[in-house]
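A short worksheet on the structure shown next.
Lettering follows sequence order; numbering is per chain, from 1. Atom set for the values below is all heavy atoms of this structure, side chains included, hydrogens, waters and symmetry mates excluded. Just so you know, these numbers come straight off a predicted model, no measurement behind them.
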2 protein chains.
Amino acid sequence: MANQETRQDESLSTLMERGNVFAAQCPSREVLKHVTSRWGVLVLVALLGGTHRFSDLRRKIGGVSERMLAQTLQWLEQDGFVLRISYPVVPPHVEYSLTPLGQEVGLRVEALADWIQEKLPNILAAQQADA
Amino acid sequence: MANQETRQDESLSTLMERGNVFAAQCPSREVLKHVTSRWGVLVLVALLGGTHRFSDLRRKIGGVSERMLAQTLQWLEQDGFVLRISYPVVPPHVEYSLTPLGQEVGLRVEALADWIQEKLPNILAAQQADA
DNA sequence: TAACTTTTAGTAAGTACTTACAGAAAGGTA
DNA sequence: TACCTTTCTGTAAGTACTTACTAAAAGTTA
């Protein structure tokens, strides 16, 4: 089903129990792509702060278009990280939150984002150094 | 220098001390993009395992083209995460390794990648659930 | 001499990501 | 009736990411 050419050190069986991001055909690559996507990271971190409505997220995440936010939320929902609850009213009312699985990734993504935010001065300094 | 329109809750001074990934103009966004890029993640994790030559990385990271690997390494080098040592011989011999700063991000990125690899079965199950 | 080695630049071409914009739904308000 | 609300979808158009392919350097091997 996945993994024919690239067979570095993972057999079909290992693939079923544990992904291998270094293998081109491994499905974990797709998940990684969603989680680390431009807006995916920010959505996960934002939702760690609690349930948000669509427009709340859009306001909080500077620069997202409605189109991209919607698409990103769908990716994360399909991967089982985001829970979407839609109330059948007009105008629409939809609430997004993290599933238990989503909170786990969220924490890891947040750790990364936080580190970058904190170390930004060091990074900018390093950039200057060899510029 | 950065941050004119988007001014959510960070002043120019705060920006100098700590990034804010939620602000569209914050330079941390660029760094985040490099680190979480398709190949950036894999390069960082691979280099946590020690110094690698260009072709070692290419072999290890399934699916990268030479072009993209080179570009990704340049991004990470400019951000101060990767150290590039070139020996003036023919054919070329170049070694890549992580700087102290690079090891710190690397660990965070690895934590994320590892989690995804471990939880892949759960994620695939979740995908099936609402498919 | 022809071919091979390793790393990277450059080009053209293709694919994927992003944006901007218009539009829909059903009811309340001016 | 005209307009506003919120959450999306579809479209066209633009930008960025990726790939495939060509080429270079200078010495070693067939």
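Note that CG of B:L120 and SG of A:C26 are 5.5 Å apart. Values are rounded to the nearest 0.5 Å. B:F54 CZ to B:R59 CZ: the interatomic distance, rounded to the nearest 0.5 Å, is 11.0 Å.
For DNA chain D, the residues of residues 38-50 of chain B within the heavy-atom distance limit of 4.0 Å (strictly under) are B:R38, B:W39, sorted by number. Non-hydrogen atoms lying under 4.0 Å from DNA chain C are contributed by B:P91, B:P92, B:V94, B:Y96, all within residues 89-99 of chain B.
With sequence neighbours left out, the side chain to side chain donor-acceptor pair (under 3.5 Å) criterion links A:Q117 to A:D114.
Distances shown here put every side-chain N or O of B:S37 at or beyond 4.0 Å from the OP1 or OP2 atom of D:dC17.
To the nearest angstrom, P of D:dT7 lies 14 Å from CD1 of A:I85. Rounded to an integer number of Å, the gap from A:R58 CZ to C:dT18 C1' is 13 Å. Protein atom CZ of B:R29 is 11 Å distant from nucleotide atom P of C:dT18, rounded to whole Å. Per the geometry, CE belonging to A:M68 stands 14 Å off P belonging to D:dC8, to the nearest Å. Regarding A:Q71, its CD atom lies at a distance of 15 Å from the P atom of D:dT11, rounded to whole Å. Atom CZ of B:R59 and atom P of C:dT6 are 8 Å apart (whole Å). One interatomic measurement links the two molecules: CD of A:E77 to C1' of D:dT7, which rounds to 13 Å at whole-angstrom precision.
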Ignoring hydrogens and angles, write down the donor-acceptor pairs under 3.5 Å from the side chains of residues 32-52 of chain A, residues two or more places apart or on other chains.
| residue | atom | partner | partner atom | Å |
| --- | --- | --- | --- | --- |
| A:K33 | NZ | A:E30 | OE2 | 3.3 |
| A:H34 | ND1 | A:D79 | OD2 | 2.6 |
| A:T36 | OG1 | A:L32 | O | 2.7 |
| A:T36 | OG1 | B:T36 | O | 3.3 |
| A:S37 | OG | A:H34 | O | 2.9 |
| A:S37 | OG | A:G40 | N | 3.0 |
| A:H52 | ND1 | A:G50 | O | 2.6 |

List the atom pairs, donor and acceptor, that lie under 3.5 Å between side-chain atoms in residues 99-110 of chain A and the rest of the protein, sequence neighbours left out.
| residue | atom | partner | partner atom | Å |
| --- | --- | --- | --- | --- |
| A:T99 | OG1 | A:G80 | O | 2.6 |
| A:T99 | OG1 | A:F81 | O | 3.3 |
| A:T99 | OG1 | A:L101 | N | 3.4 |
| A:T99 | OG1 | A:G102 | N | 3.0 |
| A:E104 | OE1 | B:W115 | NE1 | 2.9 |
| A:R108 | NH1 | A:E104 | O | 3.3 |

Tell me which donor-acceptor pairs under 3.5 Å the side chains of residues 62-73 of chain A have, and how far apart each pair is, sequence neighbours excluded?
| residue | atom | partner | partner atom | Å |
| --- | --- | --- | --- | --- |
| A:S65 | OG | A:M68 | N | 3.2 |
| A:T72 | OG1 | A:M68 | O | 2.8 |

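Checking B:R53 against B:Q74, the closest nucleotide of DNA chain C that is more toward the 5' end is the one next to B:R53. For A:D56 and B:S65, each mapped to the nucleotide of DNA chain D holding its nearest heavy atom, the one lying further toward the 5' end belongs to A:D56.
Out of D:dT6, D:dT19, C:dC17, the shortest distance to the side chain of A:K33 is found at C:dC17.
B:E66 comes within contact range of at least one nucleobase, with a heavy-atom separation under 4.0 Å.
With hydrogens and angles left out, the side chain of B:R67 and the base of C:dT7 share no donor-acceptor pair within 3.5 Å.
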